[in-house]
Amino acid sequence: MTPTPIPFNKPYLHGRELVYIAQAVASGKISGDGVFTQKCHRFFEERYGFRKTLMTTSCTDALEMCALLLDVREGDEVIVPSFTFVSSANAFALRGAKIVFADSAADNPNLDVDTLAALITPRTRAIVVVHYAGVACDMDPILALAARHGIVVVEDAAQAIDSFYKGRPLGSLGALAAFSFHETKNVIAGEGGLLALNDMRYADRAEVIREKGTNRSAFFRGDIDKYGWVDIGSSFLPSDIISAYLFAQLENLDAIQARRKALWQRYHDRLAEPLAAIGIGLPSIPAYATNNGHMFYLVCNHLEQRTGLISALRAEGIHAVFHYQSLHESPFFKARHDGRPLPQTTRYADCLVRLPLYYELADVDVDRISDTIVRHLTGP
Ligand SMILES: *Cc1c(COP(=O)(O)O)cnc(C)c1O
């Protein structure tokens, strides 16, 4: 008998998603900034203290808005970790910025704070930090360094909902932050994102950029009596249907987080000892950070070991996947890179493997996956 396949990820309905979508339709307005969009904004502002939030069609779009808000242009440099999703860098490359890639730390894939200072030049405009797996970067030294040089910090918080740095919510630390509600994240809307603004200097212009360069948001609030084209922008605001789906998830955020963290802990309990014995790394959560149950990963000793593990799991119907390929070695960027080796980035690109983790994953699935891993890696 072949065992039931376990996918890497599975989108899910927590409960009231379809009810809220029907309500949005019945309200007579499903374009952007409807009732559910406002509810989502209020949720994030009240729960995490972000000064202002704007739902976007994706985290990618929120990052592109950051690049527009910072007026990033040709000649500017932006520091981005190489071990991240394309959008963290592409949003700034689109504006003509020169991307300067940073290496990851040895003990987790977040950017290596010790080598960051050496990357700063008089042209550096922004540092994009990525809280990998929802685990905080060491923000205090990063923010101090940025402040000293007049550089803006942007948080790519795509994976970092409901996670904290020294008690402060991720997404509240940089001037700007971007979240994702893509179906692979903790809280989902299919595609969707959020721009969080902590520096209110950007607030008015963010509304304009999100509304195709018009001051339509101010018009709908009644602040002005007609609206027009006042700046550059694009269409970054999602339909209220997206926010209706998302809001049903946000209402249940605590239950979702509790379940994900329980699954994460179950993996950890089963794998930590047997894998430590053979030098395989598990996620480590620094004392200043929290775990939001976004991702459970292993760091194999070498590429062949990872390839073997992924195919052994595949043979049992278990879909485990590797993650980012180094952006500094990507087909688009390779010739543009300054040639610095980024050894930790390359190691994570070659050796990191992510295990299935989604709300509806069962405890018995975690046990089966863990047992298969231990058997394959430590067996005779
Ligand atoms: C998922 C992800 C993104 C992209 O999010 P979208 O909402 O799909 O645009 C960007 N950065 C990181 C680190 C991510 O994990």
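Both counts, for ligands and for their atoms, begin at 1 and track the order of listing.
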Polar pairs, ligand 1 vs protein, N/O only, below 3.5 Å.
| unit_1 | atom_1 | unit_2 | atom_2 | d |
| --- | --- | --- | --- | --- |
| ligand 1 | 5 (O) | Ser180 | OG | 3.3 |
| ligand 1 | 7 (O) | Cys59 | N | 2.9 |
| ligand 1 | 7 (O) | Ser180 | OG | 2.7 |
| ligand 1 | 9 (O) | Cys59 | N | 3.4 |
| ligand 1 | 9 (O) | Thr60 | N | 2.8 |
| ligand 1 | 9 (O) | Thr60 | OG1 | 2.5 |
| ligand 1 | 11 (N) | Asp156 | OD1 | 3.3 |
| ligand 1 | 11 (N) | Asp156 | OD2 | 2.7 |
| ligand 1 | 15 (O) | Gln159 | NE2 | 2.8 |
| ligand 1 | 15 (O) | Lys185 | NZ | 2.9 |
| ligand 1 | 15 (O) | Tyr324 | OH | 3.3 |

Exercise for the section: Using atom types as modelled and distance alone, determine if a side-chain donor or acceptor of Tyr358 lies under 3.5 Å from a backbone N or O of Asn186. Expected result: no
Practice task
Tell me, with the steps shown, if His131 and Tyr165 meet side chain to side chain donor-acceptor pair (under 3.5 Å).
Solution key: CA-CA 10 Å; His131 305 297; Tyr165 172 75; over 6 Å; no
Problem - Tyr20 and Phe247 aromatic ring geometry - parallel, tilted or perpendicular at 30°/60° bounds - result: tilted
Practice task
If the plane angle is over 60° it's perpendicular, under 30° parallel, otherwise tilted; pick one for His337 and Phe101.
Solution key: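 Tilted: the ring planes of His337 and Phe101 meet at 30° to 60°.
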Exercise for the section: Going by the side chain to side chain donor-acceptor pair (under 3.5 Å) test, name the single residue among Gln249, Glu17, Glu360, Glu183 that passes it with Tyr12. Expected result: Gln249
Practice task
Taking the six-membered ring for Trp and the full ring for Phe, Tyr or His, determine whether the centres of Tyr297 and His323 are under 6.0 Å apart.
Solution key: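 Ring-ring flag for Tyr297/His323: false, centres at least 6.0 Å apart.
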